[in-house]
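As structure tokens, the structure follows; a few thoughts come after it.
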There are 2 protein chains.
Amino acid sequence: MAARKPSIQDIARAAGVGVGTVSRVLNERPNVAEETRAKVERVMQRLGYRPTFAARHMRTGRSQLFGFLTDQVTTTPFAHELIKGAQARARQADRMLMVIDADGDDRVREQAVANLIERGVEGIIYAAMFHHEVHVPAALHEVPTVLVDCYAVGRTFASVVPDEVRGGREATERLLADGHRRIGMVTNDVLATGYPAAVGRLEGYKEALAAAGVPFDEALLREGTGNADSGYGWAHDLLDADDPPTAFFFGTDRMAMGAYFAFAERGLTVPDDVSVVGFDDQHYIADALRPALTTIALPHAAMGRWAVDHLLTAPWGDDRPPLQRRLPCPIVERGSVGPVPTRAEGEEA
Amino acid sequence: MAARKPSIQDIARAAGVGVGTVSRVLNERPNVAEETRAKVERVMQRLGYRPTFAARHMRTGRSQLFGFLTDQVTTTPFAHELIKGAQARARQADRMLMVIDADGDDRVREQAVANLIERGVEGIIYAAMFHHEVHVPAALHEVPTVLVDCYAVGRTFASVVPDEVRGGREATERLLADGHRRIGMVTNDVLATGYPAAVGRLEGYKEALAAAGVPFDEALLREGTGNADSGYGWAHDLLDADDPPTAFFFGTDRMAMGAYFAFAERGLTVPDDVSVVGFDDQHYIADALRPALTTIALPHAAMGRWAVDHLLTAPWGDDRPPLQRRLPCPIVERGSVGPVPTRAEGEEA
DNA sequence: TGATTCCATGGAACTGATTCCACGAGAGTA
DNA sequence: TACTCTCGTGGAATCAGTTCCATGGAATCA
């Protein structure tokens with residue numbers, strides 16, 4: 001029967017050299033005669049040799065592995081972008097990623113961290129799917145950790161999050177730049193949650209208005225849920241008011257999508273009659289709307305990359321306070337913003 | 001400074017027992033006196049002991065690890081559902097998943113397989129993001145492998161795919177059940193590709209029509225691209241024809257979404273004036289449309305689960321031809337299908 | 001020529017678990 | 001009493017690599 005996988009000993013014997021020499025060849029170390037190297041490589045090739053990672057790990061103590069743990073239930077498409085970004089950076093450094101979806105279960109999460117530590121991970125990335133404060137398993141303190149799209153209660157871990165405020169400001173500035181002064185805003189969650197994802201975007205909106213000398217008007221603000229229904233409902237509601245907005249800033253693309261349907265029902269065309277900016281850059285929605293949606297992109301891939309990079313480069317166990325990084329959310333111009341309609345034909349005073 | 005992590009030797013010494021006994025406690029083996037067990041556990045607790053997985057792996061040869069490798073570029077939100085399903089099943093069996101996004105690069109893919117094998121994975125899941133034939137790295141033959149949402153050229157690997165034909169049939173049957181006889185169909189890719197994802201759904205459409213005694217009408221068929229634009233364009237096109245369809249079956253939810261905009265432009269209401277069924281069940285789209293979209297769900301989570309299950313239970317290296325499993329695509333009823341409109345008011349002959 | 005340095009090499013020790021064998025004590029049996 | 005069996009236990013061997021030390025020969029230098 002198929003002899004078991006050859007080990008480094010087998011290679012050494014077959015090539016008539018010592019194990020040390022084989023190891024040197026394997027790791028492309030200097031001080032090996034070219035001739036010897038070639039011979040050993042030939043034998044490895046012939047026997048179909050593959051090093052056993054576990055043995056190397058055990059001896060060197062290096063697992064070349066990071067854990068990637070998700071918070072909460074993650075039905076969002078965001079997770080994958082995050083993983084891709086993290087993984088791309090990890091590959092550059094010859095590391096692998098162990099992904100665990102904790103699926104909102106605390107026990108699973110604790111267990112996952114324990115498993116990862118037993119597997120000797122060199123660091124753990126703990127990722128949330130929207131920007132908020134989290135309680136993380138205590139065992140994370142045993143190993144270098146970066147929080148993504150969230151932050152811990154006492155800021156005791158390094159973290160990387162989107163710059164929600166600046167994103168909100170840029171969205172609003174984009175509308176202001178086209179002359180809009182009555183800009184409706186629908187938040188992506190109830191403000192009482194205190195989630196930066198909700199509060200921050202609104203703050204950016206206010207900042208932009210202030211900078212442009214436009215007074216903030218409470219009547220143009222609605223607290224949404226992030227869902228399409230909510231966007232649909234509040235769009236109708238805002239348009240029903242006296243002196244309705246000429247433009248909208250929605251805290252999520254999904255709400256913007258709902259709003260598109262409201263506009264269609266009222267016979268309003270985007271961007272001729274009404275301008276819209278979303279938030280999140282959910283590709284499949286923003287691109288598929290007609291016209292495609294101008295929106296603010298959450299830097300998921302960049303956050304994933306940054307997280308791995310930080311684990312790779314930051315010294316572990318020093319005393320300085322953990323880094324709290326904020327990444328910009330670039331605006332993605334598509335086709336949903338236009339100039340303020342000139343109240344010309346068939347206008348109701 | 002913090003002494004290095006305690007090993008099983010340290011525990012043995014501290015507890016005044018042999019390493020064998022500690023190992024027995026660790027693995028909950030019999031033949032350990034209750035008193036001894038308690039003592040050892042106390043010491044482990046006190047020293048914060050964690051077993052080193054690499055050592056166990058090396059000695060036992062069991063890595064408790066599966067590889068999860070994705071094909072192509074995967075910007076789709078499908079990947080995550082797949083991973084979640086696979087991971088849920090893996091957790092039940094106390095295994096972990098190493099996820100690698102090959103991102104469409106052949107070299108990365110080869111490298112990834114090599115890495116996974118070196119890490120001693122007990123099996124590899126190779127997942128595509130839509131149902132088609134794939135060329136996989138040769139090294140996959142060295143280890144148990146399951147293909148997901150794709151199949152290999154010579155059917156040399158076990159695979160699990162969606163039952164596209166049956167899905168197409170059910171979508172069409174749903175529309176037939178509400179009395180529709182003129183049903184437009186837009187495929188989700190060019191048929192010349194031969195992709196089961198495209199060809200299969202159409203086949204199901206034809207089967208359903210045949211079973212209902214409705215002759216297939218070439219004039220109601222369009223080859224789409226899967227994108228929203230394509231759905232928008234073909235919806236207009238089909239509605240412009242003589243004797244236009246009263247219902248549509250789109251090969252993707254995104255095309256259905258595009259079509260919604262076409263309907264809105266023509267003043268048609270779903271489902272009163274026109275009925276629609278999509279395919280994929282892309283949650284964020286199907287739920288967010290107004291009315292929400294009735295569609296056929298791709299069984300991503302189920303495929304992920306099945307794949308791991310197969311790796312767990314199927315014997316490796318026997319001679320029987322590898323299993324080719326086909327999983328049903330359940331219909332998800334939302335609100336986009338209604339009865340055929342009675343050509344009552346304002347009808348043009 | 002003799003001393004020093006450098007290069008190529010072999011192989012023992014080590015990493016941290018599991019496994020298996022040996023052994024002593026106590027219980028059960030004839 | 002002598003023999004067997006079972007239970008609880010200790011510890012050496014083992015897994016497959018890396019690392020480090022020792023060694024011999026060639027090259028360099030004074």
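Per chain, numbering begins at 1; letters A, B, ... match sequence-line order. The analysis underlying the following values was restricted to heavy atoms, covering all of them including side chains, and did not include hydrogens, waters or symmetry mates.
At C:dT19, none of the side-chain N or O atoms of B:Thr60 fall inside 4.0 Å of OP1 or OP2 (strictly under the cut-off). The phosphate of C:dT18 has OP1 or OP2 within less than 4.0 Å of a side-chain N or O from B:Ser23. In terms of phosphate contacts, A:Asn31 brings no side-chain nitrogen or oxygen within less than 4.0 Å of OP1 or OP2 of C:dT9. Distances shown here put every side-chain N or O of B:Thr21 at or beyond 4.0 Å from the OP1 or OP2 atom of D:dT9.
A salt bridge between A:Glu142 and B:Arg50 is present, with a side-chain N of the basic residue lying under 4.0 Å from a carboxylate O of the acidic one. Ion pair B:Glu122/B:Arg95 flagged as a salt bridge, since at least one NZ, NE, NH1 or NH2 atom sits closer than 4.0 Å to an Asp/Glu carboxylate oxygen. Checked for salt-bridge contact, A:Asp71 and A:Arg109 meet the test: a charged N lies under 4.0 Å from a carboxylate O.
Using a 4.0 Å heavy-atom distance criterion, B:Arg50 is classed as a sugar-phosphate-only contact. Backbone-only engagement by B:Val32 is indicated by non-hydrogen atom pairs under 4.0 Å involving sugar-phosphate atoms exclusively. Using a 4.0 Å heavy-atom cutoff across all strands shown, A:Val17 reaches sugar-phosphate atoms only and no base atom. Among the protein residues, B:Gly16 comes within range of the sugar-phosphate backbone only, with heavy atoms under 4.0 Å from sugar or phosphate atoms but none that close to a base.
With the end axes of the helix from C:dT1-D:dA30 to C:dA30-D:dT1 each set by five pairs, the angle from one to the other reads 40° at 10° resolution.
With no hydrogens or angles considered, a side-chain donor-acceptor pair links B:Gln92 and B:Arg89 at under 3.5 Å.
Rounded to an integer number of Å, the gap from A:Asp10 CG to D:dG17 P is 9 Å. Computed from coordinates, the B:Glu28 CD to C:dT18 C1' distance equals 16 Å when rounded to whole Å. Here D:dC7 presents its C1' atom at 15 Å from CD of B:Glu35, a figure rounded to the nearest Å. B:His57 has its NE2 atom 10 Å from the P atom of D:dA16, to the nearest Å. Across the protein-nucleic acid pair, B:Phe53 atom CZ and C:dG16 atom C1' stand 13 Å apart, rounded to whole Å. Following rounding to the nearest Å, B:Ile8 (CD1) and C:dT15 (C1') show an atom-to-atom distance of 13 Å. Atom CD in A:Gln9 sits about 10 Å away from atom C1' in D:dC15, given to the nearest Å. Taking atom CD of B:Glu118 as the reference point, atom C1' of D:dA16 lies 13 Å away to the nearest angstrom.
Counting heavy-atom neighbours within 6.0 Å of B:Arg37 CZ, excluding the residue itself, gives a total above 12.
Looking at the side chain of A:Arg56, the nearest of the listed nucleotides D:dG17, C:dA17, D:dT9 is D:dG17. Side-chain atoms of B:Arg62 lie closest to C:dT19 of the nucleotides D:dA16, C:dA17, C:dT19. Comparing D:dG17, D:dG8, C:dT18 by their nearest atom to the side chain of A:Thr52 picks out D:dG17.
For B:Val19 and A:Ala55, each mapped to the nucleotide of DNA chain C holding its nearest heavy atom, the one lying further toward the 5' end belongs to A:Ala55. Sequence order on DNA chain D of the closest nucleotides to B:Arg59 and B:Pro30 puts B:Pro30 first from the 5' end.
Judged by distance alone with a 3.5 Å cut-off, no donor-acceptor contact links the side chain of B:Arg29 to the base of D:dG8. For D:dG10, the base has a donor-acceptor partner in the side chain of B:Arg24 [N/O atoms by modelled type, under 3.5 angstrom].
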Practice problem: Take A:His80 and B:Asp101 through the side-chain hydrogen bond (donor to acceptor under 3.5 Å, both in side chains) test and state the conclusion after the steps. | Solution: CA-CA 9 Å; A:His80 195 234; B:Asp101 190 320; 3.2 Å; yes

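At least one donor-acceptor pair under 3.5 Å links the side chain of A:Gln324 to the backbone N or O of A:Pro322.
B:His141 pairs with exactly one of B:Phe157, B:Trp316, B:Tyr126 by the ring-ring contact (aromatic ring centres under 6.0 Å, His included) rule, that one being B:Phe157.
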